[in-house]
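I have placed the structure first, in the form of structure tokens, so that the comments after it can refer back to it.
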Amino acid sequence: MAPAASLRDWIAVLERENELVRVDAEVDPHLEVTEIVDRTVRSGGPALLFTNAKSRHPLLINQFGTERRMCLAFDTPSLDAVAGKLEDVLEMQPPQGLAEKVRGLRKLKSIADSLPKTTRSGPAQEVVLTGEEIDLGLLPVQTCWPGDAGPFITLPAVITKDPRTGVRNVGMYRMQVLDERRTAMHWQIHKDGRMDYLAADGRLEVAVALGLDPVTTYSASAPLPKHIDELMLAGFLKGEPVELVRCKTVDLEVPANAEVVLEGYVQKDDLTDEGPFGDHTGYYTGVEPFPVFHVTAMTMREGAIYPSIVVGKPPQEDAWLGKATERIFLPAVKMTVPEIVDYDLPVAGAFHNCVIVSIRKRFPGHAQKVMHALWGLGMLSLSKSIVVVDEHVNVHDYEEVFFYVTANVDPKRDVLLTEGPLDHLDHSPTLQFYGGKLGIDATAKGTQEGTREWPPEIEMSDEIKALVDSRWAEYGLGAAPAAVDGRHSSLRQLLRR
Ligand SMILES: Cc1cc2nc3c(=O)[nH]c(=O)nc-3n(C[C@H](O)[C@H](O)[C@H](O)COP(=O)(O)O)c2cc1C
């Protein structure tokens with residue numbers, strides 16, 4: 001088995017796994033679909049294929065809305081297993097002996113096979129609309145929230161090339177539909193698509209692919225360094241190259257399996273007011289100038305399916321795209337900051353608001369070293385707060401983390417207030433893009449860090465635990481609850497008992 005090769009194969013997988021419901025009742029993509037999806041996502045419900053959303057084209061939504069579907073998308077038992085595949089390649093060492101050489105060659109081949117390959121034709125171009133035929137109104141584009149400025153395309157893979165190097169970039173940037181042939185292009189100031197735009201001398205060609213296989217859709221949202229093509233990551237994670245076709249009106253290639261492709265361009269100083277839009281921060285983002293995207297061709301598969309996603313007050317469907325990034329990028333983060341054991345970006349923190357990180361602490365100030373490292377690392381640099389705990393703390397258990405934050409922290413000594421770049425959409429800082437950052441060192445402290453002797457944590461001895469295990473039946477207390485490991489206990493489990 002391998003991840004689904006196209007959106008249609010993916011829909012077939014979801015149906016086979018009882019993870020998709022077709023809705024034939026007429027629904028309005030203006031607000032009504034959001035309310036249906038919001039309720040479905042929050043109750044852990046299925047992907048929805050609306051066949052009658054006031055358009056000839058069906059609308060697919062909530063394809064990524066649970067951990068199970070995210071794992072099905074990657075055809076993996078867990079997201080950590082996907083990370084393991086990447087870790088395997090990142091940690092390649094010079095091989096010793098024949099067996100290791102063969103294994104090494106296989107790994108190198110898996111990298112070589114990740115490169116996208118161009119084919120002569122593909123389903124994405126079964127229908128080609130140009131000039132006056134182009135009409136974005138053909139698609140069931142959602143107006144998600146009552147205060148939104150209009151309909152927004154929310155799940156696009158936006159493809160550009162760096163005009164200086166020719167290196168491709170794929171990013172997921174929302175697009176406000178302005179009229180039949182124009183949208184806004186919301187690439188934020190820290191994003192690579194915008195870098196390509198700024199590097200262009202006048203006009204930058206852009207292609208937007210909608211309705212891809214799930215791994216390629218995910219890859220558009222992955223925070224790769226600028227010089228690495230997201231389609232190569234997609235090929236690596238799929239285990240086979242992404243097939244591309246050349247666009248009809250611009251010098252770019254797009255995934256051959258796309259349901260819909262919008263070809264066109266943006267131009268220097270050709271800006272429009274974009275927003276408001278109800279975003280993943282849980283607030284409306286304000287009106288700001290962003291480039292106008294002019295569509296020069298709209299190509300499609302016959303009976304194209306339009307993909308959408310709703311973002312808003314967390315949790316929403318994008319929570320699992322974010323969790324996939326958190327897990328998949330952990331090995332890359334550890335390459336730079338190897339003392340990191342694990343990290344968690346809580347969904348309720350909209351990802352950029354909080355990072356909890358556990359470390360193997362070795363020296364005074366180690367927690368602060370890790371905070372600064374993360375504030376200097378890719379998109380993690382935009383994190384507003386970082387909590388550092390010791391290696392034995394389960395970063396995914398927020399109550400356990402809370403225990404150590406309240407028990408181990410002397411606010412005067414262990415809270416670091418600094419400043420730096422913040423997420424484009426963060427409404428809280430006084431200045432947009434820049435403001436305060438909070439670091440909380442919740443690790444155990446040593447005397448070198450100016451504390452009194454640190455007390456030992458309470459833990460029952462293994463001997464007594466074994467004794468109680470062996471005698472439990474004699475006590476007449478029913479089934480035996482698992483023994484609590486004082487340092488690894490889950491407070492949530494304890495409280496439930
Ligand atoms: C559903 C969804 C919508 C997103 N919308 C935007 C957006 O409108 N603008 C933006 O700059 N980033 C947006 N992002 C985040 C980017 O896709 C992400 O930062 C990605 O890494 C950007 O690609 P780049 O690093 O090649 O610029 C969105 C992510 C998701 C999952």
Side-chain angles (χ1 to χ4, degrees), residues 34 37 41 60-65 70 73 142 144 148-149 152-162 167-177 183-199 204 206 208-210 212 214-234 266 274-281 284-286 288-291 293 307-312 314-326 328-329 332 345 347 350-352 377-383 421-426 432-433:
T34 300
V37 172
V41 171
L60 175 70
I61 196 157
N62 201 20
Q63 57 177 302
F64 298 115
M70 204 67 217
Q142 279 185 273
C144 294
D148 284 4
F152 283 79
I153 296 171
T154 50
L155 201 63
V158 178
I159 301 168
T160 52
K161 278 188 177 166
D162 187 321
V167 172
R168 180 174 23 241
N169 185 69
V170 189
M172 188 170 281
Y173 317 117
R174 74 181 187 224
M175 298 158 62
Q176 181 182 340
V177 176
T183 78
M185 183 58 74
H186 184 264
W187 40 47
Q188 298 156 10
I189 61 158
H190 306 107
K191 305 303 170 75
D192 295 340
R194 183 183 147 91
M195 303 304 154
D196 289 349
Y197 171 65
L198 293 180
L204 179 77
V206 181
V208 177
L210 300 166
L212 304 171
V215 172
T216 308
T217 299
Y218 159 74
S219 300
S221 75
L224 285 177
K226 173 130 179 43
H227 58 281
I228 302 180
D229 181 358
E230 280 80 1
L231 296 184
M232 193 173 126
L233 175 72
V266 289
E274 200 264 7
F277 176 72
D279 218 316
H280 73 292
T281 55
Y284 286 101
T285 54
E288 279 187 83
F290 277 93
F293 171 57
S308 191
I309 191 168
V310 170
V311 296
Q316 296 289 348
E317 181 184 347
D318 59 330
W320 285 105
L321 287 168
K323 278 289 157 194
T325 290
E326 176 198 292
I328 292 171
F329 278 75
L345 283 67
V347 171
F351 290 98
H352 55 259
L377 192 61
M379 284 296 113
L380 282 170
S381 62
L382 304 179
S383 306
L422 291 175
D423 191 272
H424 191 126
L425 303 179
D426 190 338
Q432 194 183 11
F433 312 127

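Order of appearance sets the numbers: ligands from 1, and atoms from 1 within every ligand.
Looking at Thr285, its side chain does come within 3.5 Å of a backbone N or O of Phe277 through a donor-acceptor pair. In terms of modelled atom types and a separation under 3.5 Å, the side chain of Glu230 and the main chain of Ser219 share no donor-acceptor contact. Side-chain atoms of His352 come within 3.5 Å of backbone atoms of Ala350 as a donor-acceptor pair (strictly under, hydrogens ignored). At least one donor-acceptor pair closer than 3.5 Å links the side chain of Glu317 to the backbone N or O of Gln63.
By the criterion of a heavy-atom distance under 4.0 Å, both the backbone and the side chain of Asp192 are placed next to ligand 1. If you look at His190 next to ligand 1, there are no close heavy atoms at all, none under 4.0 Å.
Interface atoms of ligand 1 facing Ala222, defined by a heavy-atom separation under 4.0 Å, are 21 (O). Applying the 4.0 Å criterion to heavy atoms of Val170 picks out, from ligand 1, the atoms 26 (O). The ligand atoms of ligand 1 that sit less than 4.0 angstrom from a heavy atom of Gly171 are 23 (O).
Inter-residue side-chain proximity for Met175 and Val208 is flagged as met; some heavy-atom pair is nearer than 4.5 Å.
Using bins of under 30°, 30° to 60° and over 60° for the plane-to-plane angle, the ring pair Trp187/Tyr173 lands in the perpendicular bin.
Closest to atom 11 (O) of ligand 1 by heavy atom, among Met172, Glu230, Arg168, Gln188, is Gln188. Atom 7 (C) of ligand 1 has its nearest heavy-atom neighbour, among Gln176, Met175, Glu317, His186, in His186.
Nearest to atom 24 (P) of ligand 1 among the protein's heavy atoms is Tyr173 OH, 3.5 Å. At the top of the distance list for atom 26 (O) of ligand 1, counting protein heavy atoms only, stands Asn169 OD1, 2.8 Å. Nearest non-hydrogen protein atom to atom 20 (C) of ligand 1 is Ser221 O, 3.5 Å. The shortest contact between atom 12 (N) of ligand 1 and any protein heavy atom is with Lys191 NZ, 3.0 Å.
Screening Gln188, His190, Glu288, Arg194 for a side chain to side chain donor-acceptor pair (under 3.5 Å) with His424, the sole residue that qualifies is Glu288.
Taking 4.0 Å as the cut-off between side-chain N and carboxylate O, Asp279 and Arg174 count as a salt-bridged pair. Ion pairing of Lys226 with Asp192 is absent here, as no side-chain N (NZ or NE/NH1/NH2) approaches a carboxylate O to less than 4.0 Å.
Below 3.5 Å of separation, one finds no N or O of Leu321 facing any N or O of ligand 1. When only interatomic distances are considered, the shortest N/O to N/O separation between Arg174 and ligand 1 falls below 3.5 Å.
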